[in-house]
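Quick note: numbers below take in every heavy atom, side chains included, and nothing from hydrogens, waters or symmetry partners. Numbers restart at 1 for each chain; the letters A, B, ... are given by sequence-line order, proteins then strands.
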Amino acid sequence: MARFLIRRIAFAVITLWLLSVLVFLGAHVLPGDVGRRILGAFASPRAVANLDRQLGVDKPLPVQYLNWLSGAVRFNFGSSLAYRQPVSSLLGPALLNSLKLAAVAFVIVVPLGVVGGVIAALNRGRPLDRIITVSGLSGTVVPEFVSGIVLILLLGIVIRLFPVTATAPPGSGALTQLYYLILPALPLVLVLFGYIARIARAGMIDALDADYTRTAYLKGLSRRTVIWRHVLRNALLPTIAVIATQTGYLIGGLVVIETIFNYHGIGQLLFTAAQQKDFPLIQATVMVIGVVYLVATLLADITYSLLNPRIRLGGAR
Amino acid sequence: MSTASVPVARPRRVDARRSALAERLTLLLHSPTFLIGAVIVLFWIVCAIGNTHLTPYDPLATNPLGKLRGPSPQHLLGTDSLGRDELSRVIAGARGILVVAPLATVLGTAVGTALGLVTGYFGGLVDESLMRLVDAFLAVPVVVVGLVALVALGPSTITVILVIGVVFAPIIARTVRAAVLSERDKEYIQAARLRRERTPYILFVELLPNVMGPILVEFTVRLGYAIFTIATLSFLGFGIQPPAPDWGLSIYENYVYITGGYWWPVLFPAIAIASLVVGVNLVSDAISQVLDR
Amino acid sequence: MTVDAVAAEPVVEFDHLDLAFRVRGRWRQAIRDVSFRVEPHRSFGLVGESGSGKSTLAMCAVRYLARNARITGGTVRVAGRDLRTMDEAELRRFRASTVSMVYQNPASALNPSIRVGDQVAEVFRVSGMAASEASDQARTMLETVRIADAGQVMRRFPHQLSGGMLQRVVIGMALAPRPQLLILDEPTTALDATVEAEVLDLIQGLRRELGTTVLFISHNLAVIDRMCDRVGVLYAGRLVEEGETATVFEKPRHPYTVGLLRCVPRWGLRKDEGALDTIPGLPPSIGAALTGCAFADRCALAIDRCRQEPPPLYEVGTDHTSRCFRHEEADQLPSAPAPGASPPREREQGAPLLQLEQVSKTFHQDGHDIHGLVDVSLKLGHGEALGLVGESGSGKSTLAKVLLGLLEPDAGATLEYEGAPLAAAVGHRRSDQVRSLSIVFQDPGSSLNRRHSIRRIVGRVMTKLLGIRGRRREQRLEDLVDSVRLDKSVLDARPPELSGGLMQRAAIARAFAGDPQVVVCDEPTSALDVSVQAAILNLLAELQRTRQVSYLFISHDLGVVRFLADRIAVLYLGRVMEVGDADVVFRGPHHPYTEALLSAAPILHGEARTRIRLEGEVPSAASPPSGCVFHTRCPRKLGEICERQEPELLEVEPGHQIRCHIPIEDLRRILTEPEPPAVAGSRPD
Amino acid sequence: PAPAPSTPSGSSSVKIKRGGHAAVGCLPPATALDPLKVDDEGGLLLLSQVGEFLSWSGSSLVLQPRVAQSWSSSSDAKTWTFKIRKGITFHDGTPLTAKDVAATINLHADPANGSNALSVFKGVLAAGAATAVDDVTLRVELEAASGNFPYLLSSDNYNLIILPANYGGDFSKTFNSCGPFRVTSYQTGQRMSVQRNATYWDKNFIPPLDTVDYDFYTDDQSRILALQGKTVQIVSHFAASDGQALFKDPNVKIIDSRSANHRQVHMRNDMEPFTDKRVRQAMALALNRPDLVQGLLNGKAQVANDSPFFKVYPSTNTSVAQREQNLTKAKQLLQAAGKGSGFTVQLSTWRGFEIPDYAQLIQSSAKKIGVTINLNIVDEATYYGNAVFGQSIWLDSLMGITDYGHRAVPNVFLGAPLVSDGPWNAAHFKNSTYDGLVAQYVATADLSTQRRIAGQIETLLLDETPIIFAYNYDATGATLPNIGNVRMTGDFQLDLRSAGFTS
Ligand SMILES: Nc1ncnc2c1ncn2[C@@H]1O[C@H](COP(=O)(O)OP(=O)(O)OP(=O)(O)O)[C@@H](O)[C@H]1O
Ligand SMILES: Nc1ncnc2c1ncn2[C@@H]1O[C@H](COP(=O)(O)OP(=O)(O)OP(=O)(O)O)[C@@H](O)[C@H]1O
Ligand SMILES: [Mg+2]
Ligand SMILES: [Mg+2]
């Protein structure tokens with residue numbers, strides 16, 4: 001177990017480091033002169049060169065990388081070119097907002113997806129199964145901006161059930177904030193529902209077909225007991241890991257959703273940073289997204305291994 | 001030397017197994033999932049091929065004064081913000097996506113397959129380091145990577161293809177690697193090593209055909225995602241560029257008008273995208289199910 | 001449960017049962033008109049080749065059918081009740097109390113995430129017992145199946161137990177509710193012979209003790225012979241013969257049964273004494289339309305009538321039925337031709353063809369050193385077949401791979417071929433050396449590339465190793481497939497289009513394509529049905545005779561090894577425990593381990609002599625025991641010396657080496673001892 | 001529909017009650033709020049709320065005095081004197097004097113500071129040109145005569161909010177100026193909150209609203225949604241091209257203000273096929289301008305006549321005939337130029353506002369005269385590049401569309417993009433007659449003389465057509481019906497000094 005954890009964490013750290021290299025290189029191989037970005041199109045080349053020197057962006061890449069990395073580990077990503085503010089002061093609130101939105105989406109979708117998958121598996125091959133799988137699949141593959149727009153049209157404009165922006169007026173309470181977040185969370189829910197349901201269904205079917213389930217039935221246990229005691233536990237374990245990997249897609253979706261709903265989260269921050277070619281901000285945002293993803297998968301793996309006796313108690317004999 | 005009494009064994013099952021393939025095909029043709037998916041995809045393929053021959057109007061012909069007209073007998077799906085016929089644009093829009101998305105997916109699949117074959121087969125350090133790199137790559141969502149890359153390289157159809165291809169490669173590499181891992185310890189690989197085949201031969205002649213199944217399934221799944229991603233990038237303004245009648249781009253261009261009640265130039269391309277992705281995925285789903293049997 | 005109350009009627013009764021599976025959109029008949037019954041307290045064996053429908057029948061008896069299965073006719077009655085009429089609750093009660101089942105793979109039969117004790121206790125909880133009492137009962141049950149330290153075991157998860165232990169748990173669980181009927185579906189197939197023997201002993205004992213009725217399924221005739229009072233022979237979903245085990249095996253009245261019995265290498269039969277009987281052809285595939293007798297195509301006795309109408313069930317003796325028109329002549333089924341007369345091989349003089357010295361192989365896994373091979377030294381003579389036996393994990397395959405250059409041995413090993421050093425890696429060997437060594441793998445399904453045609457698979461070897469192409473290659477290919485008794489049309493087929501036997505022939509053709517001198521056969525028949533196995537063994541024997549190759553023949557089936565091998569080496573935990581001429585090794589004096597292997601081998605026709613049983617399972621190769629690695633399981637352990645000092649591999653008589661502290665005289669004496677020594681956890685009765 | 005007549009600033013047209021909180025939906029500032037650097041709509045709007053200018057260039061394009069009470073020039077229009085108002089205090093309480101004003105002007109004029117205003121001052125005003133004669137008198141010495149110089153120091157030059165003389169470059173922290181509102185909090189990328197400046201110098205214009213939030217919305221769509229959803233009461237700007245929904249909405253009041261915002265379609269006069277002016281004329285003749293105004297901008301624009309003399313400018317000579325679509329003539333011209341069989345060119349521009357739509361409309365118009373246009377639409381930064389010749393798509397492309405913001409006088413438009421050595425001369429137009437006429441025009445302070453010269457310039461540009469000026473569009477914003485007295489400049493600066501909820 002300890003071995004497993006150490007190995008897993010070591011992997012995460014290596015991956016993180018590689019990610020930082022990728023992100024850094026990405027931002028530096030890409031065209032764009034930092035000084036020029038700050039001073040704008042109309043500044044003189046001399047001023048641009050001056051600023052570049054001040055910022056240290058004329059140094060060799062490895063030196064720049066080390067500078068950046070040593071800052072990054074302290075959550076200091078330098079200054080945004082556009083906002084001329086420390087990047088971290090922009091990231092913090094944005095990340096918090098995004099996490100709120102993601103949390104709302106997760107809280108809705110995880111139980112829904114799992115239950116949907118379980119129901120589908122229990123009705124394998126029947127119309128209910130087909131309905132859940134096909135509608136889940138359709139929801140999963142339709143881009144968020146499409147479903148988002150349709151939802152805005154329907155729920156926000158035609159029947160005015162939800163506000164069409166995501167940000168609650170300043171000073172509103174938690175419930176109001178939640179109310180504002182439901183509509184933006186729905187497209188994400190649509191995307192994730194099919195995916196989670198699918199995994200849960202597959203896990204259920206594996207478990208339902210497993211010999212040990214047969215053993216349980218042949219013991220004379222009722223279907224209920226078999227499913228609650230023997231099937232669900234083994235079926236849903238893999239779902240945990242999969243749900244965590246979905247944070248990746250979730251953040252991808254946030255870029256679009258936050259843009260549509262004008263929600264000041266990490267996705268919108270990234271999108272505006274991209275439009276403005278604000279590379280320090282892009283770097284930091286991408287890095288933060290990567291970290292969130294890696295932490296989520298790491299946590300999922302740890303949970304998984306804690307719940308799975310095979311890993312928790314080490315190998316056979 | 002042959003002894004008369006020892007009968008020669010004939011492959012009596014050849015026909016049986018061949019017909020198993022035929023049965024799979026029939027099964028596919030009888031699967032409603034597949035049929036619905038295939039009909040949708042075929043419909044769009046016909047649109048893509050027919051292109052302007054099928055459209056009632058030139059999809060690029062503007063008419064500023066006739067803009068944002070609702071659906072009517074002249075313009076069945078209405079007109080967009082520049083007065084172009086929406087039906088024509090939806091039909092003509094099929095071509096772009098049906099060229100770009102498959103090209104990007106083919107690129108990604110080719111690169112990913114090569115990568116997956118190599119890492120899976122060699123294992124060890126090569127595998128570990130490449131997989132960590134892939135992990136790092138995958139820690140960032142595809143749309144984000146695509147967005148950032150397109151910002152840097154400037155949007156154009158070619159860059160979209162390259163970027164999506166490159167982004168998909170590691171994902172496909174993973175699938176291929178997993179398939180290779182379960183194949184590479186099979187004894188036919190050892191048999192090949194025993195006759196001292198070169199590594200490329202082992203990779204591409206021995207291994208590759210045996211992992212085609214997962215690759216095929218992955219390809220179709222990725223194709224769906226490619227359409228998804230390209231549409232999303234276009235919607236963000238970083239994908240296919242005007243005046244192409246691209247669906248994602250159309251939504252981007254007309255999105256501002258929906259609150260005014262001008263839903264048609266947004267809804268119809270949205271339906272087009274949704275139906276195509278759903279169609280591709282239904283087909284993919286059906287294929288993988290039949291392959292599983 | 002009172003024994004007498006049910007004594008009148010059979011515990012299980014299949015009555016004209018028909019069952020079909022829906023596969024790829026079509027219903028395919030898998031069980032055809034099967035009727036038989038099992039009387040109380042009896043044990044009934046079901047034999048038949050893979051796919052004949054044994055498991056399906058078993059599942060019918062507990063009404064646990066696959067989702068795509070449908071009973072299309074007939075009834076199944078268990079303990080007097082028609083299973084098809086039961087509702088959910090009744091079925092549950094019925095399963096809880098009346099019938100239990102044990103199946104092949106114990107590891108998957110238990111829930112991986114629930115503690116073993118809880119899973120056993122659950123059986124008691126079903127009948128409403130309180131938790132603590134159920135747990136006590138479970139412990140008692142585990143003790144009944146002779147699990148030492150049951151309390152400990154109950155707290156474990158399945159993955160922490162060995163295969164043999166798990167199967168005991170499963171058996172314990174099955175017997176816990178004292179069912180009237182116990183169904184065992186190949187309960188020992190996944191286990192090593194030594195463990196198998198132990199588990200069979202256990203089942204036998206408990207059955208007698210508890211008076212349970214048993215339905216025992218196996219493809220292994222010897223196991224059935226040992227375990228069952230009555231036997232039913234299943235072929236293509238039909239019960240072709242049924243009767244008392246002794247009668248059926250003694251005097252079979254269906255050509256299929258006759259063939260099956262003859263296929264098994266009889267104890268002591270050698271390749272130079274005769275070929276094995278075979279059953280040509282293949283069983284019909286599931287759902288095939290059968291007009292006549294299902295076996296007619298493969299039956300040497302078949303007449304036109306057999307192909308036109310299905311034979312009825314003939315009463316051929318007391319309680320003995322056969323579904324054959326020619327049941328009276330069944331035993332006249334033509335035998336295999338006289339041996340291809342491979343003359344008894346003269347003892348090889350002069351230099352060996354292949355020589356291994358001090359070969360060790362250590363694997364590194366998760367920071368552990370796994371000693372796959374330890375100081376193995378072996379010789380292989382020209383035209384000699386060296387048999388390699390040992391339990392699973394003893395290093396047989398590892399040795400084969402080292403020999404072929406697929407695995408590099410640890411430093412210090414020397415390999416010589418025809419007196420010249422043989423490089424460790426195949427890539428560094430001379431091309432004539434590469435050509436000279438080849439292999440037939442266990443599973444032809446994975447050793448042949450399923451995407452390539454047989455022509456390509458076999459031809460490629462000729463091109464690569466012999467440099468032959470074009471017309472000449474084609475000619476040679478045809479000759480070669482001919483010599484492995486394959487039809488030329490096979491060349492254009494791909495492996496998945498062939499049956500296991502045909503594939504293995506193709507694999508043999510590939511092994512011989514490069515004109516090798518040494519062919520390693522790694523369990524070449526263990527993935528095949530017995531009928532096919534015999535043909536492959538005959539073929540290998542014939543090829544050796546005609547082509548003068550040497551074999552390194554690996555098998556865990558002693559009968560098979562005996563048939564083919566000239567010399568035998570016994571491996572245990574990567575060490576050679578005994579090596580010598582086949583006759584000598586079989587005759588004795590034996591290393592205690594060899595003795596145990598021989599005792600464990602299930603033998604037909606009561607030939608078996610149970611001498612010693614091994615306890616427990618093979619220790620892990622990552623942490624082998626000190627001293628003699630066998631001491632932990634050795635029933636003849638001398639004492640402390642065995643734990644302390646590893647014995648040498650000593651030549652005890654010319655050409656016979658044994659690695660044991662027990663003096664050779666004592667080993668000889670054991671051989672003549674009439675009474676087998678008592679074994680810990682001794683026989684149940 | 002005729003545009004709402006611009007009401008002179010200061011006269012309330014509606015009854016407003018005091019107090020209340022309003023939210024303005026506006027673009028986020030592209031950069032930190034630094035008066036020297038702001039060059040975007042979001043930023044300049046915020047500056048105009050917090051800061052105060054020497055004079056205000058409202059929708060009438062006639063300057064209204066603010067910090068300056070009055071001004072006058074020497075006869076050669078090279079020396080200008082401004083009378084500075086007494087009794088103005090900065091938000092931090094220090095009183096404002098002419099010294100502060102001089103320091104502010106010199107700050108922007110010094111090239112070392114890289115002010116965004118430099119482009120306007122170039123060749124007119126050098127660093128140190130402004131001096132405080134005493135606390136209330138400011139004198140500015142120009143390098144060249146400028147008849148319209150006060151416009152250069154007005155709100156039209158949006159960077160020029162008056163800063164204290166001791167300004168230390170920390171505006172984005174202190175927000176210290178002397179405008180009608182003072183900042184209470186600023187969240188980058190989200191919002192700026194202000195409260196009324198109770199000590200505002202013009203007691204008639206102390207804002208009725210207690211507090212105002214400026215909520216940042218990146219795209220028009222979400223701003224419009226926010227207004228319709230009543231999350232904000234005022235939308236500072238929406239593109240007329242995007243505002244379809246609002247024009248129809250009875251629950252929304254449109255504010256619009258005529259302006260000189262426009263797009264220039266340049267054609268490289270020095271490159272084939274545009275070396276021949278007939279080809280350039282043909283391109284201009286292909287456009288249907290009234291359709292563009294209606295279709296592209298929903299009528300919130302005016303047709304322009306291929307010169308920067310838009311109808312809004314008082315100095316424009318309206319007797320010059322308007323160019324209209326004439327495909328036949330266009331084809332004839334192409335024929336005459338030897339391009340009868342058409343040609344293919346690439347049109348570069350950037351993605352923003354209605355520009356991509358405009359590009360596509362030009363594309364389909366050109367198709368009608370046999371000219372194939374390929375579009376190259378990039379992002380803003382890529383299009384402008386380094387903004388010097390050889391390093392900028394804008395300045396180097398064969399054909400391009402460039403966005404120009406509002407100016408109260410046409411001087412800048414006449415100069416940089418069109419004079420021979422103009423730094424923004426993307427058309428590479430070199431014409432000494434034109435250069436001479438422009439110099440003459442700029443030095444003239446008298447309106448009728450200006451009109452005369454304007455007529456000559458207009459005629460010359462119509463003939464040469466280096467650049468297509470097809471339309472100039474109104475600045476459009478919107479409010480909820482219960483908000484009154486919101487005024488706007490052509491630059492989308494808001495004047496909320498008398499805005500509030502209607503009683
Ligand atoms: N769920 C199923 N769907 C389709 N076919 C099945 C299914 N289960 C079994 N079969 C087929 O039915 C036939 C009988 O299968 P069964 O498992 O009973 O054979 P068996 O005698 O137990 O074989 P083995 O010795 O390999 O266990 C086989 O041909 C098998 O392929
Ligand atoms: N690649 C490997 N990595 C680690 N351990 C290995 C490897 N291959 C074999 N071993 C270990 O080496 C030992 C010998 O394995 P080997 O496969 O030679 O046994 P075997 O006698 O062929 O068994 P079987 O009858 O099951 O085929 C076993 O303990 C096995 O676990
Ligand atoms: Mg079976
Ligand atoms: Mg092996």
Handout entry: Between D:Leu292, D:Leu296, D:Asp357, D:Ile224, the one whose heavy-atom pairs under 4.5 Å with chain B are most numerous
Key =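 It is D:Asp357.
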Handout entry: Top contributor to chain B interface from D:Ala359, D:Pro356, D:Gly295 [non-hydrogen pairs under 4.5 Å]
Key =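 Winner by heavy-atom pair count: D:Gly295.
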Restricting to non-hydrogen atoms, name the atom on [X] and the atom on [Y] that form the minimum distance, rounded to 0.1 Å.
X: D:Gln294; Y: B:Leu65; answer: CB-CD2, 3.3 Å
X: D:Asp291; Y: B:Pro64; answer: O-CB, 3.7 Å
X: B:Pro242; Y: D:Gln360; answer: CB-NE2, 3.4 Å
X: B:Pro243; Y: D:Gln363; answer: CG-OE1, 3.1 Å

Problem - D:Arg351 to B:Phe238 six-membered ring, cation-pi geometry met (6.0 Å, 45°) - result: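 Judged by the rule (NZ or CZ under 6.0 Å from the ring centre, within 45° of its axis), D:Arg351 counts as positioned above B:Phe238.
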Atom pair [atom1] ([X]) and [atom2] ([Y]), whose distance is rounded to the nearest 0.5 Å:
X: B:Thr62; Y: D:Lys367; atom1: OG1; atom2: NZ; value: 9.0 Å
X: D:Ser364; Y: B:Asn63; atom1: OG; atom2: CG; value: 9.5 Å
X: B:Lys67; Y: D:Leu361; atom1: NZ; atom2: CG; value: 9.5 Å

Problem - B:Asn254, part contacting chain D, at a heavy-atom distance under 4.5 Å - result: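 For B:Asn254, neither part sits under 4.5 Å from chain D.
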Problem - Over 12 foreign heavy atoms within 6.0 Å of NZ, D:Lys329 - result: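 Result for NZ/D:Lys329: open.
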Exercise for the section: Give a yes or no on this: more than 12 heavy atoms of other residues, nucleotides or ligands lie within 6.0 Å of atom CZ of B:Arg132. Expected result: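 Counting other residues, nucleotides and ligands, CZ of B:Arg132 exceeds 12 neighbours.
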Practice task
Identify which part of D:Ile377 has an atom lying under 4.5 Å from any heavy atom of chain B, answering side chain, backbone, both or neither.
Solution key: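 For D:Ile377, backbone and side chain are both near chain B.
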